Amino acid sequence: MAFPHRPDAPELPDFSMLKRLARDQLIYLLEQLPGKKDLFIEADLMSPLDRIANVSILKQHEVDKLYKVENKPALSSNEHKLLACRAAFLFSVDLVNADKLAGRTRKYKVIFSPQKFYACEMVLEEEGIYGDVSCDEWAFSLLPLDVDLLSMELPEFFRDYFLEGDQRWINTVAQALHLLSTLYGSFPNCYGIGRCAKMSYELWRKLEEEEDGETKGRRPEIGHIFLLDRDVDFVTALCSQVVYEGLVDDTFRIKCGSVDFGPEVTSSDKSLKVLLNAEDKVFNEIRNEHFSNVFGFLSQKARNLQAQYDRRRGMDIKQMKNFVSQELKGLKQEHRLLSLHIGACESIMKKKTKQDFQELIKTEHALLEGFNIRESTSYIEEHIDRQVSPIESLRLMCLLSITENGLIPKDYRSLKTQYLQSYGPDHLLTFSNLRRAGLLTEQAPGDTLTAVESKVSKLVTDKAAGKITDAFSSLAKRSNFRAISKKLNLIPRVDGEYDLKVPRDMAYVFSGAYVPLSCRIVEQVLERRSWQGLDEVVRLLNCSEFAFTDMTKDDKASSESLRLILVVFLGGCTFSEVSALRFLGREKGYRFIFLTTAVTNSARLMEAMSEVKA
Amino acid sequence: MDCYTANWNPLGDSAFYRKYELYSMDWDLKEELRDCLVAAAPYGGPIALLRNPWRKEKTASMRPVLDIYSASGMPLASLLWKSGPVVSLGWSAEEELLCVQEDGAVLVYGLHGDFRRHFSMGNEVLQNRVLDARIFHTEFGSGVAILTGAHRFTLSANVGDLKLRRMPEVPGLQSAPSCWTTLCQDRVAQILLAVGPDLYLLDHAACSAVTPPGLAPGVSSFLQMAVSFTYRHLALFTDTGYIWMGTASLKEKLCEFNCNIRAPPKQMVWCSRPRSKERAVVVAWERRLMVVGDAPESIQFVLDEDSYLVPELDGVRIFSRSTHEFLHEVPVASEEIFKIASMAPGALLLEAQKEYEKESQKADEYLREIQELGQLTQAVQQCIEAAGHEHQPDMQKSLLRAASFGKCFLDRFPPDSFVHMCQDLRVLNAVRDYHIGIPLTYRKYRYKQLTIQVLLDRLVLRRLYPLAIQICEYLRLPEVQGVSRILAHWACYKVQQKDVSDEDVARAINQKLGDTPGVSYSDIAARAYGCGRTELAIKLLEYEPRSGEQVPLLLKMKRSKLALSKAIESGDTDLVFTVLLHLKNELNRGDFFMTLRNQPMALSLYRQFCKHQELETLKDLYNQDDNHQELGSFHIRASYAAEERIEGRVAALQTAADAFYKAKNEFAAKATEDQMRLLRLQRRLEDELGGQFLDLSLHDTATTLILGGHNKRAEQLARDFRIPDKRLWWLKLTALADLEDWEELEKFSKSKKSPIGYLPFVEICMKQHNKYEAKKYASRVGPEQKVKALLLVGDVAQAADVAIEHRNEAELSLVLSHCTGATDGATADKIQRARAQAQKK
């Protein structure tokens, strides 16, 4: 059932090197403060750190206690303190000051990951503790979550860039690309779409130029790189996911490649943390499947397993010995995983097969296809009125807005009013954010621009503004989804039932109703090896200035490497997109590697935009 | 060739010393050397002369003149000395001239007489004046030692990192010591001084009397002392004409010599070669030069002129008004080859090669002789090595030719040594050239401190850029280390030429440098700025490809706005931030905000910063921009995050509403005003009914009211806030079902026709597992949803009937899917039949 790769599919590069690199760097930093020390970790860094170095490694390097950084001072007795954090750093100030007040002097080291910003030092200085701490960088920007999935674990990227127009992380992206090209050879073919993609790409090029030599001679292992801004395709990210891995993410939230299965899944009273990647054989076979197939597959698998167990009947002693020593462990392991995934499936079923969910999916599909808009709108209204879920409602509103090029003014006002009545008026801020990011907008009557917009357009004509983003520019943008959908044939015309068991195209990740726009773009560009012939699409995406192709004539690239494609999602990608591209890869004999600022889904996108903490 | 060893003088049995001319001096000295203060830098460095140092007259013509010459006597600089009287001159390891003044001030000049800096040797020195001073070199750098008028010593071991150390007092010292010197042992600088018959060793902690072992008796005073280049050996000259030579630690005597000259020598220096067993001291008097060592006889030279000795690592340089000579021990390889009647393999090989050139068969004989002894490899090596020690290119060539000749008869002789020697000699010959005047010996160049990098630095220091570049190219040094480094130096020099216009300089530099890798335009620009040429610096920065490098200098030059746009161009947010904070301090607030307005990228960055650090500034920013929308959002945020009291929150909301009106965002303004009303109402509710109302949404407020049994108030609320009917019905339905107040629910359902239909009633009753109530409503559900409702309450049979009645295929399949097992068997059949019928039609 799980589709095998074509026999000529290229091998993936070994990304475990990145992990080793990050670990060695961390150990080096730990060793800089000899002796016992406490490690304070910012919550966001907890999970990634766990994937890089487990507790025993930390202990080996004399980390005595681990604390999650909170806003209250922790009492610890060790001489040295290590603080690992992102760009937020205020807590360390409190920590140091608390110790100072108590008259204790200790050695502090603040480790910024993946990058130390000048502003960080500035704040330390302003708080008057710059002299008390030493700062360091842990340039840990790429976490291999799976054999083909690298994450920068920067969930804040989405909000910082697409909402606040903050370009801090672009440098980090460029450096991550630089690291990849240093380790795996430069990429002979580069494509990209989106302003951020272009900036990252240019910055990365600059880095490459500055550090000449060394990498030039390397044989490229990865033939293509494709950079894509999340705002090129919000639609896909906003849809409910129905592929198993996506569904698990939507339901249980996969965090840093692992998921916490609660008691209802494990059918015991404990929750269990499970690592979800290609090493989990059961999961590996179902991760890309449409959910409707998963149950059947799992029961088949259970039967197979039983059959294998059953073989032991009628074995003689020697065979039995063999069986126990060699196969049993594997079977037991498989058994355990199988029961977990069956549990997860049941739990998902319970939540999702209810009528509500069917209706929801139906509405989504209607929105994507663009019919029964009135009905969908009233469905959304009811959804809000019934206080089903603040995030879901928000998501549907955004989906409606984007597919329809903005809400008509009447709906825009009434839906917002309803929403505020349901969930509180502080969501006024959320709406203002969504509007700024272009996720939830009002159809502009004619072409009259608002005051802000005209200001923006003035800026854009300004010479200097050619290179810069302004968050407001998205205001002037229209999503043009319907036209793009038609151009790229995103809604497959199906005669009869779409066979989800043997999918024909990438639309299967949305039950055959919609081909993910982002993936379609990647497919089209790879087919043409450029943006040629896609001018109209690019224009509709408002990315005329930001679509680029860059090919170096490089004979060194082997045909093998030319079928390896690195797709970089700036602002996050969903598991559905990953599954869709994996499918495409199998069809065409490519292998895709994904690099994302973070794995995301509709709920995470909405939460990033929301001002009200759930 | 017989005369080749003519200038070799034997000292004892085993060593020869030779003296040969390096240059005939080009300088046109009017004074005798003895009338000048002289300092010559080691490693073939420059010579500094201070004429008339002791004249006190103030007439301009008689003022002291400081001249700097290359080792070949080419004038490098000349300047009139206008500062105080100078006691001593000396060169630092970086070829900077240190001039120690009487008042303890040390002035530092460059090779071209450019003043660099000055430092003082301390107050004590200033008060007591400087009696004598020495500049010495250790592995840490160059040091200065001073003897003050109070007969105390002060020293600094490294002038680059000035730490003054005052040495302990010598007990009973009433007059100046007869002689003294600096030693360096175990990385500590010490002073050895002689007072009458006694010797004292001063280190930073103590003063101890020392006696050299095996010193001949009858010494009443020491006239001169000399320490070797490497601080390993010490020589003492006594008033009896006796010379003691031993280790500098004064633990061991090496040899002694009695020259029977009681006149104090002018100079005494060591002349030895590293790794040679021979030790010799060169002593100079007015007209006599004597080389003494471990031998009963000494070598004597007559000095025609007033001469000056410069100790070197492997010999002694001697210069006078007319010549510059080098005196050293003949190296082993040369000795073996050239010694009269030598049968060493190298000597034979040289001979063989000469015969070969004469086309004589003797060549073969010689060669055979070497080969029979199996010494050909050694012979080649000897010739190569000896070539290195020769000063004359002719001789170098013939030795190398011999080596090359010998190599032909060897199967496997690694070519490196030969190739390197050829390269090294070409470089050495080039720098030894009269015009360049750096008389380096091969040993100094290759074996010890001086590397090619240092040599290049020295050439650069002498502004001999073309030669340096030629050397780099010849040796094929990597560009970054070689050519581009030199070009960068050249450019730094070029920007100092004030008579050339900014345009021309910038263009000239760019033409030469292009985009040579490793050249930092920003460094050059920094230099230009250092010379006060800001415009030039900016022009040069334009050529800098890395904008990141441009910014710090631009900031320093107070071109902050330019720096800002460069920083933004670089895409490096850190850099932008640096500039921003700079600007923030530099400009007043208004101007700062105006600057930001034109740079959206910087603006959003600054906003992010303010959001975390300076909320008030953020408000000002929005105000400045008349961005009322954001201002409104700001106040709303403030009302939720910052304000505790309800009055404060309402006030913040009021401000927000005003802002929204200004932003023409009626919707937001209205919503905010509603919220203010709601807040006030919630407070009243809390006061009147108790319970928690604050911060609930409108919907939740209504629900809470119903749950609390305040139906009337809930309805009032709905009217006041115009809650749409649909919502109210959903809300009531859910709340009443939660309360399980079925009676009230029924009453409510009958109050008027439901705007949401009756299916939700069924659904919600079923959610509360009240099938009985659910059935009541199922009957009222409209026809199009009837089937669904019936299925929900579990009445499959009736659902089937309705579906059949409707003749709706979708509904039929839906019912069918709900038919389970035996109980619904009949129903299933019925549907199948109905279907079949429908199909027939």
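All values derive from a computational prediction rather than experimental measurement. Each chain gets a letter, A, B and so on, in the order its sequence line appears, and its residues count up from 1.
Separation of atoms OG1 (A:T417) and CZ (B:R727) is listed at 9.5 Å; rounding is to 0.5 Å. Atom CD of residue A:E164 and atom CZ of residue B:R607 lie 8.5 Å apart, to the nearest 0.5 angstrom. Residue B:M601 holds its CE atom at 8.0 Å from CG of A:D166, rounded to the nearest 0.5 Å. For the atom pair B:S633 OG and A:N433 CG, the distance stands at 7.5 Å (nearest 0.5 Å).
Using a 4.0 Å cut-off between charged side-chain N and carboxylate O, B:E630 and A:R436 make a salt bridge.
Neither the backbone nor the side chain of A:S414 comes within contact range of chain B, judged by heavy atoms closer than 4.5 Å. Both the backbone and the side chain of B:I723 come within less than 4.5 Å of a heavy atom of chain A. Using a 4.5 Å cut-off between heavy atoms, B:T734 makes no contact with chain A at all. Of the atoms belonging to B:F667, it is side-chain heavy atoms, and not backbone ones, that fall under 4.5 Å from chain A. Of the atoms belonging to B:F660, it is side-chain heavy atoms, and not backbone ones, that fall under 4.5 Å from chain A.
A donor atom on one side chain and an acceptor atom on the other are not found under 3.5 Å apart for B:D674 and A:Q421.
You'll find the side chain of B:P724 stays beyond 4.5 Å of the side chain of A:E381, heavy atoms only. No side-chain heavy atom of A:W169 sits under 4.5 Å from any side-chain heavy atom of B:T573. Counting heavy atoms from C-beta outward, B:Q675 and A:L420 have side chains that stay 4.5 Å or more apart.
Between A:D385 and B:H699, the shortest heavy-atom distance links the atoms O-CE1, 2.9 Å. Between A:R168 and B:L605, the shortest heavy-atom distance links the atoms CG-CD1, 4.0 Å. Heavy atoms only, all atoms of each residue included: B:A671 and A:L428 are closest at CB-CD1, 4.1 Å.
Each of A:G424, A:P425, A:A174 has some count of heavy-atom pairs under 4.5 Å with chain B, and the biggest count is that of A:P425.
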Worked check of side-chain contact (heavy atoms from CB on, under 4.5 Å) between B:L731 and A:R386:
CA-CA 7 Å; B:L731 187 156; A:R386 293 171 58 190; over 6 Å; no
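Atom CZ of B:R719 has more than 12 neighbouring heavy atoms from other residues, nucleotides or ligands inside a 6.0 Å radius.
Put simply, the side chain of B:S697 gets close to the backbone of A:S422: a donor and an acceptor are under 3.5 Å apart.
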